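Heads up: the structure comes next, in structure tokens.
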Amino acid sequence: MFHWLEKRPFFFSVVLFLVIAFAGLIEIVPDFAQASRPVAGKQPYTLLQLAGRHVYIKDSCNACHSQLIRPFKSETDRYGPYSLSGEYAYDRPFLWGSKRTGPDLHRVGEYRTTDWHENHMWEPTSVVPGSIMPAYKHMFHQNVDLETAYAEALTVKKVFNVPYDKPGHTKLGTWEEAKKEALEEAKKVADDMKNQDVKDAVARGEIPEIVALIAYLNSLH
Amino acid sequence: MQNAALEYDYTVAKWFTYLAITFGIVGMTIGTYIAFELAFPELNNLFGQYGTFSRLRPIHTNVVAFGFTLSGIFATFYYVAQRVLKVSIAESKFVHGVGKLHFWLYLALAAWMVVSELLGFTTSKEYAEMEWPLDLLTVVVWVLWGTAMFGLIGMRREKTLYISMWYYIATFLGVAMLYLFNNMEVPTYFVTGMGSWMHSVSMYSGTNDALVQWWYGHNAVAFVFTVPIIAIIYYFLPKESGQPVFSYKLSLLSFWGLMFVYLWAGGHHLIYSTVPDWMQTMGSIFSVILILPSWGSAINMLLTMKGEWNQLKESPLIKFMVLASTFYMLSTLEGPIQAIKSVNALAHFTDWIPGHVHDGTLGWVAFMIIAASLHMAPRFYKREIYSKKLMEMQFWIQTTGIVLYFSSMWIAGITQGMMWRAVDQYGNLAYSFIDTVTVLHPYYTIRAIGGLLFVVGLFMWAYNFVKTMQSDKVLEKEPAFASPMGA
């Protein structure tokens, strides 16, 4: 019946490709422009928050935590208002996660404090008895890679028109300015922490990963 | 050459088989380790930051999906293609060279992937975690495979492409398209001259990124775990059983049906997310329709055994393949059920999902690759398979492992989903999140034991394979079908 096609490998491949590609075209293209529009008041991440986001990604926190609240009463009761498309407009990549071994974090900044995160990352069971989360002690003595975060912020500003430095939006500035700004922000986070090594490091002008990560988690709301 | 039997060259096929065995053991041992971590969290900090569940989980999925499975697929490809196209790869120095280069670059890529992900280089996108330089190398590896494939097709003596070839071509095209679009990213170092040169940022943001990712993510399953494995069973089951494929028409219907329907189904990963409703509905509906072409292939395979069911008792190889088909049917029924909106509301984010993935990957994918490698071994080395008994034992141990795995995860997932939504008489949430974690401990333990059994089976496989290579039970000539087995 289709033998004629099976004798023409090149033509077969072309037909096959069209059949495979069809669904992607229909599903992805129509909504593309609309879905990238931010909700009103949405701000791009500050440099420190972005660096913290990199820590979150580096340790694959998204393997166990989602950042997507579904429109069910049980979820809005537990985590807060359900998620909207425009809230993710500056998320590259998205971090919805596909499995909740731990709870959702999309609005974790609303109900957890710096202090809580600090204890949780150092020894999860100290704040959540029965927790199966690993301790992330290395984040307390490993410094964050601020330069790569700056490179990313600058890239999205240049390539994707993310409104850094636009009136009413997050300030990025030059590398020197941005670094200073990030350190100021880091000091505020460190002030609420009790780990002396972290406080000392920030006083020296270094930023441990934990500080950036907490700045990021606090920004989630 | 005209009348003489063709001498096929199995060099590349053998290499990839060794790699499949190695990556199978490595990837699934890591998987078992992280399964134990969920049950016994103290294990997380044995190797500092490099041993946590979160850091190892992407390495587990990548080594199994793209190390073990792809190696198995490539191994069978370099074996099957020569035979169904009636051409030896050694006839063309160029194609032979491309095949060898394909292997070495692939091995280099795999090693680089493991090291870079251990160090924390990841894009965070599931099953597409590799950073941009590795993505580029992946493209090179893929093009090399395509070159070998179309090179062999160009040289062929058999005019009509056998059905396995359709599926290999589909794998090549499908993955190429999906991979390219999903991994579009901008290396930040090249734009700014600052920071880590390995780092990149996704071309898409938020909802769009999710949409492209799951269009890829689900269909990576399609074109790595389904399509090429069907290629494998369509060749190896008829060969091993000596039975013709049951129906040509059914294979046509299921092939083109699968190709058309599969990509629509990716949307089922995004049900109740922020992508538009119509897309979620499409994902849901097409996932259910997907049962037809999937069961079409599986039934076609099972009916191939019509009148020859006694072989199931006599040959462990046939056992592996028939059970693989059955697991494929189970998995492709379970998936659509999970894609129904109301079920998805319960199942999404729970352990039922990894449960589903594993009955497919362990029962269908791994069993087919194991069976194919043991069908090839006597033809590679002109020796009998070392031990039939060992294969029987492997089959039962691994089957037990899979059953423990998916049944514990079904219970765990549904328990978790029910507890998340449970409310008391006043309408308040009945459980805190941690209640839903601690209750899973026994199921996590059972799952880890299931994984351990499967890994034990893999070691038996490796042992049997190596012993076959060294065996003194030499075959005079290549067996026509049924692989000869020792004690």
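Side chains are part of it too, since the values below use all heavy atoms of this structure and drop only hydrogens, waters and symmetry mates. In what follows, chains carry the letters A, B, and so on, assigned in the order in which the sequence lines appear, proteins first and then strands, with residues in each chain numbered from 1. Nothing here was measured: the structure is a model prediction, and the numbers come from that model.
For chain B, no part of A:V162 is nearby; none of its heavy atoms comes within less than 4.5 Å. Of the two parts of B:A345, the backbone and the side chain both hold a non-hydrogen atom closer than 4.5 Å to a non-hydrogen atom of chain A. Using a 4.5 Å cut-off between heavy atoms, B:F223 contacts chain A through its side chain alone, with no backbone atom that close. Heavy atoms of A:Y150 lying under 4.5 Å from chain B belong exclusively to its side chain. In this structure, the portions of B:H348 lying under 4.5 Å from any heavy atom of chain A include both its backbone and its side chain. Contacts of A:L16 with chain B are made by both backbone and side-chain atoms, with heavy-atom separations under 4.5 Å. Of the atoms belonging to B:T122, heavy atoms from both backbone and side chain fall under 4.5 Å from chain A. No part of A:L18 comes within reach of chain B, as not one of its non-hydrogen atoms sits under 4.5 angstrom from that chain. For chain B, no part of A:K137 is nearby; none of its heavy atoms comes within less than 4.5 Å. Both the backbone and the side chain of A:V19 have a heavy atom closer than 4.5 Å to some heavy atom of chain B. Heavy-atom distances place no part of A:A149 under 4.5 Å from chain B, backbone and side chain included. For A:E87, no part sits under 4.5 Å from any heavy atom of chain B, backbone or side chain. Interface remark: B:P354 contributes side-chain atoms only to the contact with chain A (heavy atom separation under 4.5 Å). When heavy atoms are compared at a cutoff of 4.5 Å, A:L146 does not approach chain B at all. Within the 4.5 angstrom heavy-atom criterion, only side-chain atoms of A:F160, from C-beta onward, approach chain B.
Considering all non-hydrogen atoms of both residues, A:E147 and B:G195 come closest at OE2-N, 3.1 Å. Across all their heavy atoms, A:T101 and B:Y444 have their closest contact at CG2-OH, 4.2 Å. When all heavy atoms of A:I57 and B:S124 are compared, the pair lying nearest together is CG2-CB, 3.7 Å. In plain terms, the two heavy atoms of B:S432 and A:R78 that are nearest each other are C-NH1, 3.8 Å. The heavy-atom pair separating A:L68 from B:S273 by the smallest distance is CD2-CB, 3.7 Å. For the pair A:K58 and B:G120, the tightest heavy-atom approach, listed with the atom from each and the gap, is CG-O, 3.5 Å.
Other residues, nucleotides and ligands contribute only 12 or fewer heavy atoms inside 6.0 Å of the CZ atom of A:F10. Heavy-atom contacts from other residues, nucleotides or ligands closer than 6.0 Å to OH of B:Y431 number 12 or fewer. The local environment of CZ in B:F181 is sparse, with at most 12 non-hydrogen atoms from other residues, nucleotides or ligands closer than 6.0 Å. Shown here is A:K158, whose NZ atom has more than 12 heavy atoms of other residues, nucleotides or ligands within 6.0 Å. By the neighbour-count criterion of 12 heavy atoms within 6.0 Å, atom CZ of A:F72 is densely surrounded, having more than that number from other residues, nucleotides or ligands. Counting non-hydrogen atoms of neighbouring residues, nucleotides and ligands closer than 6.0 angstrom, the CE atom of B:M418 reaches no more than 12 such neighbours.
Side-chain contact annotation: B:Y189 with A:T148, donor-acceptor N/O pair under 3.5 Å absent. Between the side chains of A:S85 and B:T207, at least one donor-acceptor pair of N or O atoms lies under 3.5 Å.
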*Could you go step by step and tell me if B:F53 and A:S60 meet the side-chain contact (heavy atoms from CB on, under 4.5 Å) rule?*
CA-CA 9 Å; B:F53 175 88; A:S60 289; over 6 Å; no
_Full working for side-chain contact (heavy atoms from CB on, under 4.5 Å) between B:F349 and A:R70_ = CA-CA 11 Å; B:F349 291 133; A:R70 296 179 294 172; 3.7 Å; yes
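Rounded to the nearest 0.5 Å, atoms OG1 (B:T192) and CH2 (A:W175) are 10.5 Å apart. Between the CD1 atom of A:I132 and the CG atom of B:L440 there is a distance of 7.5 Å, given to the nearest 0.5 Å. With rounding to the nearest 0.5 angstrom, the OG1 atom of B:T274 is 12.0 Å from the CD1 atom of A:I69. Taking OG from B:S196 and NE2 from A:H54, the interatomic distance works out to 10.0 Å, rounded to the nearest 0.5 Å. Atom CD of A:E152 is separated from atom OG1 of B:T188 by 6.5 Å, given to the nearest 0.5 angstrom.
Looking only at side-chain heavy atoms (C-beta outward), A:S13 and B:L173 come within less than 4.5 Å of each other. Two residues are said to be in side-chain contact when any heavy atoms from C-beta on lie closer than 4.5 Å; B:V423 and A:S74 fail this criterion. For the pair B:I353 and A:K99, the minimum side-chain heavy-atom distance is 4.5 Å or more. In this structure, the side chains of B:W214 and A:F94 come closer than 4.5 Å at one or more pairs of heavy atoms. The closest side-chain heavy-atom distance from B:F190 to A:T155 is not below 4.5 Å. Side-chain contact between A:Y79 and B:F433: present, with at least one pair of heavy atoms (C-beta onward) separated by less than 4.5 Å. Counting only heavy atoms from C-beta outward, the side chains of A:Y136 and B:Q49 never approach each other to under 4.5 Å.
Considering only heavy-atom pairs separated by less than 4.5 Å from chain A, the leading option among B:V275, B:N208, B:T438 is B:N208. Listed options B:L429, B:V186, B:V437 were ranked by heavy-atom pairs under 4.5 angstrom with chain A; first place goes to B:L429. The residue among B:E42, B:M282, B:E117, B:M203 with the most heavy atom pairs within less than 4.5 Å of chain A is B:M203. Put simply, of A:A63, A:P134, A:S36, the one with the most heavy-atom pairs under 4.5 Å next to chain B is A:P134. Between chain A and the residues B:M177, B:R57, B:R421, the largest count of heavy-atom pairs under 4.5 Å involves B:M177. Of the listed residues (A:V156, A:D59, A:D77), the one with the most heavy-atom contacts under 4.5 Å to chain B is A:D59. In terms of heavy-atom pairs under 4.5 angstrom with chain A, the leader among B:E185, B:R156, B:Q213 is B:R156. Ranked by heavy-atom pairs under 4.5 Å with chain B, the first of A:P30, A:P129, A:G102 is A:G102. With respect to chain A, the highest number of heavy-atom pairs below 4.5 Å among B:L211, B:D435, B:N219, B:I434 belongs to B:I434.
Aromatic pair A:F32/B:Y204: ring centres closer than 6.0 Å. Ring centroid separation for the pair A:Y82 and B:Y272 does not come in under the 6.0 Å cut-off. Taking the ring centroids of A:H3 and B:Y248, they lie under the 6.0 Å cut-off.
The aromatic rings of A:F12 and B:W256 lie perpendicular to each other, with more than 60° between the two planes, well past the 30° mark. In this structure, B:W264 and A:F22 have perpendicular ring planes: the angle between them is above 60°, well past the 30° mark.
Although no hydrogens or angles enter the test, the distance criterion places a donor-acceptor pair under 3.5 Å between the side chain of A:R92 and the main chain of B:S202. Not one N or O on the side chain of A:D91 forms a donor-acceptor pair closer than 3.5 Å with the backbone of B:S205. Side-chain atoms of B:N45 come within 3.5 Å of backbone N or O of A:A135 as a donor-acceptor pair.
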